[in-house]
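Shown next, in structure tokens, is the structure this report addresses.
Since we're looking at a predicted model, the values are computed, not measured. FYI, side chains are in, hydrogens and waters are out, and symmetry mates aren't considered; it's all heavy atoms of this structure.
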Amino acid sequence: MKTCTNYNRPVPGLTRLSLDLSGFELPFQQIGEQLSGSLDIGGALNGNVGNVPEAATSMVLASIGRDLLIFLAASVVVTPLSLVLNITPILGYLIIGGLLGPHGFDIFANSKADLELGDFGILFLLFSEGLEVSSVRLQKLANYFPLALAQISLTTASLTAAILLGLAEFMERFLPLDGDMINVHNPPEAVVLALAGTLSTSAFIFPVLKERGWEEEESGQAATSILLLQDLFVAPLLVLLPYVVGQGVGDGGPSDYSAIAFLTFKATVGFGSVFVAGSFLLRRVFKLVAQTKSTETFVALCLLVSVGMGTVAKDLGLTDTAGAFAAGILLANTNYRAQIQADILPFKGILLGIFFMVAGSSFDLDLAIAEWPTVLTGSVFLIVLKAATLALATRVPRWLEPNRLSAVDGIRVSLLLSGGGEFAFVVLALAEKLGVLPVDLGGLLTAIVLITMGVTPLLGQLAEVVSERFVSTSSSTPTKQKNGEAQSEEIADDAIVVCGYNEVGQSLLKVLGDEFGKSKDENVYVPRVVAFETDPSLIDSCLAPNPGTVVLFGDASNPVVIRSSGVNHPSALFIAYEEPARVLSATFRLRASFADANIYARAQTRAEAVTLKSAGATEVVVELDELSRSALSLIRGKLQVSMSPDLRMAAAQAAGVTIDAVDHLLELYTCMDRDDSGLIDAAEFAYVVRMSNAGIVSDDELDGMEGWLRTAMPEPIDPIEFCRIYMLAPKELQSALDGACVI
């Protein structure tokens, strides 16, 4: 019998060399875990509110489900009520949150979990903003990097100086302020307060920029650049904060400076590697998913990318919002940007509403009432000092800053960014944890930050009013490319939209592109005709089949897709889909969103055409290729025949019909005049009849009609003669003509 060797027994002489690694930690492991926890806005706002019962998962899920019902019910009420009261919905969410939160009626069952859910709204907001940052716009944002750096450094220095120089004590002489709470003489404490006050709110400012139409103006570009740098500034700030307050070495902080070096390396090289890899992988993954033609899978991938990149960034020592913003930038120059924005819009809106409501629930109304002079004074002081500091930074000599903002844009960006920001809660929470700030002072500062965040929409309105006084001397215009640089990512705001890139859509794009594709500004290339198609082959790149035209990936029956591409006021919409149900659905949806736009659709039967007209179509073309052939006439209004009263009267007398009936005959005549010559011959007449086939049961009947036409029309005829011949034509021929042309 063989003896089996026991490979698990100890090797003599090596037992004493065994290592116990159970308690071993890398020098950067502790600080990495601390930083990941510090970047949690939910934990910062609700550290002592609504703790999740760990032993009862079912209770946790039930509490979240109950809160979701409350959020959805509140969302249904807030937006319509805000419109009635003429206030921004953001302010409405804050007020509702304050009333329903733990300092109000205390209805929320799990506030901490709710804010964790609301944090996803911020992720989707930053992801959506990143989708707007094309390569051209990214260059524009880089132009305002010096201003962003000046805002952070100068505002921090100004706030620190004001606190240490005793501004609060001076104001206490004239106002009933709580001196025991606000008098700060410790430099680290003053620096912490200044750093927290320097940050501004992306969650409030981006919606205001969109609402005011400032996104593409210099003020919007500058505000985006400043907010982006602030977002990137948060993570290193949290790493360095223990050192700023004197706890960088020892029990209160990280044990080795190598931790900072490693985190810096991880945040730059590590995330940079992820960014580069993502630029290659994401395009291929989206192409693969698009080939499945599964809307649900495409939406799931959009959500996965935005949340996943945020998680990766947080694990690497950056903020999750910075990761979501980077993910948006990766996809900004792809052909499916508009479709992604449309797909995540409902999630972003609902989750942002949850965030705003839970942020409002953190407002301690009792504390604000008890300390109202201090809270009100602190809020005004923060807004005035931040606005004044940034305004001065925008007025540096132009030789020192070539990209200096105009007076109009300087006022707008200064007032917009003068409030507090959501990451101030993170900084204040870490400062309390380090023992730098008293708990009461932290609560007071939280109230001040929430108030200044809440008035951001009002600051936007104030910025518009104040800046109007400077419009005459300094104009604020959207930023444009100079020296004829291409702007292929941009599309005209009033472009003509073609829904579908099938055979009809391709023909439409060629006809419309030749006539309307040229930009009014010869130095700037901006497509004025855009088509949308969900063909996966369009994933890789934007097609430009004709000058001034572009084909994008997306479902154009969704108005959000059209708006996300940059077309907010389409001059015309052509629906070229083949499926009747899809044409009808697109007509309904587009008419509801673009009430003033001309919508032209195609139908296969007269009954379908009548239904489409009822759904909101401006004109309906019956027949396969008539839509593209009539496109120019539709836009120019030629199908609405406008003839003199005398000519209409002559046509009515020649045909023996009323004036109302002759208008219909003149519309038929214009439909058949394919070359816009003003005359039609028997060949054009016969072509329309053959393409229609309406009411024709045999080829013999069709041949008989063509023979009758050749006999009745030996020469080309004008509109009056057409009306006469139409009334003499057989009923079958009249029916065929009615089924082939525009209703």
Note to self: side chain to side chain contact (heavy atoms under 4.5 Å, CB included), that's the test. Do Tyr144 and Thr224 meet it? Break it down for me.
What the structure shows: CA-CA 9 Å; Tyr144 300 105; Thr224 302; over 6 Å; no
Next item on the list: Using the test side-chain contact (heavy atoms from CB on, under 4.5 Å), find all partners of Leu281 that sit at least two apart in sequence or belong to another chain.
Entry: none
Between [atom1] of [X] and [atom2] of [Y], what distance do you get to the nearest 0.5 Å?
{"X": "Leu229", "Y": "Phe145", "atom1": "CG", "atom2": "CZ", "result": "5.0 Å"}
{"X": "Cys302", "Y": "Ile340", "atom1": "SG", "atom2": "CD1", "result": "4.5 Å"}
{"X": "Ile152", "Y": "Leu195", "atom1": "CD1", "atom2": "CG", "result": "9.5 Å"}
{"X": "Ile205", "Y": "Met453", "atom1": "CD1", "atom2": "CE", "result": "9.5 Å"}
{"X": "Leu99", "Y": "Asp106", "atom1": "CG", "atom2": "CG", "result": "13.0 Å"}
{"X": "Leu459", "Y": "Arg412", "atom1": "CG", "atom2": "CZ", "result": "14.5 Å"}

Item checked: Between Phe298 and Phe286, ring centroids under 6.0 Å -> yes
Any side-chain heavy-atom pair of [X] and [Y] under 4.5 Å:
{"X": "Val299", "Y": "Phe347", "value": "yes"}
{"X": "Phe553", "Y": "Glu533", "value": "no"}
{"X": "Leu382", "Y": "Leu159", "value": "yes"}
{"X": "Glu217", "Y": "Leu209", "value": "no"}
{"X": "Leu444", "Y": "Thr446", "value": "no"}
{"X": "Val413", "Y": "Trp214", "value": "no"}

Check: Given Ile226 and Leu390, is the side chain to side chain contact (heavy atoms under 4.5 Å, CB included) satisfied, shown in steps?
Finding: CA-CA 11 Å; Ile226 294 173; Leu390 184 53; 4.2 Å; yes
Check: Under the salt bridge (charged side-chain N to carboxylate O under 4.0 Å, His left out) test, which residues partner Arg563, sequence neighbours left out?
Finding: none
Notebook entry, point to check: Taking only residues two or more places apart in sequence or in another chain, which ones pass salt bridge (charged side-chain N to carboxylate O under 4.0 Å, His left out) with Asp364?
Noted result: none
Checklist line | All ring-ring contact (aromatic ring centres under 6.0 Å, His included) counterparts of Phe204, not counting sequence neighbours | finding: Phe356
Next item on the list: Ignoring hydrogens and angles, tell me if any N or O in the side chain of Ser306 forms a donor-acceptor pair with the backbone of Leu303 under 3.5 Å.
Entry: yes
Check: With distance as the sole test, does Gln341 use its side chain to make a donor-acceptor pair with the main-chain N or O of Leu131 at under 3.5 Å?
Finding: no
Of the non-hydrogen atoms in [X] and [Y], which two are nearest, and what is the gap between them?
{"X": "Pro207", "Y": "Ser202", "answer": "CD-O, 4.0 Å"}
{"X": "Ala338", "Y": "Ser565", "answer": "CB-N, 3.9 Å"}
{"X": "Asn558", "Y": "Ala342", "answer": "ND2-CB, 3.8 Å"}
{"X": "Ala148", "Y": "Ser225", "answer": "CB-O, 3.9 Å"}
{"X": "Ala194", "Y": "Thr198", "answer": "O-OG1, 2.7 Å"}
{"X": "Leu147", "Y": "Ala222", "answer": "CD2-CB, 4.1 Å"}

Checklist line | Chi angles and distances behind the side chain to side chain contact (heavy atoms under 4.5 Å, CB included) call for Asp555, Phe532 | finding: CA-CA 6 Å; Asp555 180 9; Phe532 291 89; over 6 Å; no
Check: Do Gln230 and Gln151 meet the criterion of a side-chain donor-acceptor pair at a distance under 3.5 Å?
Finding: yes
Check: Judged by modelled atom types alone, do Ser200 and Lys386 share a side-chain donor-acceptor pair under 3.5 Å?
Finding: yes
Note to self: Applying side chain to side chain donor-acceptor pair (under 3.5 Å), can you list everything that pairs with Thr452, at least two apart in sequence or on another chain?
What the structure shows: none
Note to self: I'd like to check the side chain to side chain donor-acceptor pair (under 3.5 Å) partners of Ser75; sequence neighbours left out, ordered by chain and number.
What the structure shows: none
Next item on the list: Test side chain to side chain contact (heavy atoms under 4.5 Å, CB included) on Thr160 and Leu193 and set out the steps.
Entry: CA-CA 8 Å; Thr160 302; Leu193 296 179; over 6 Å; no
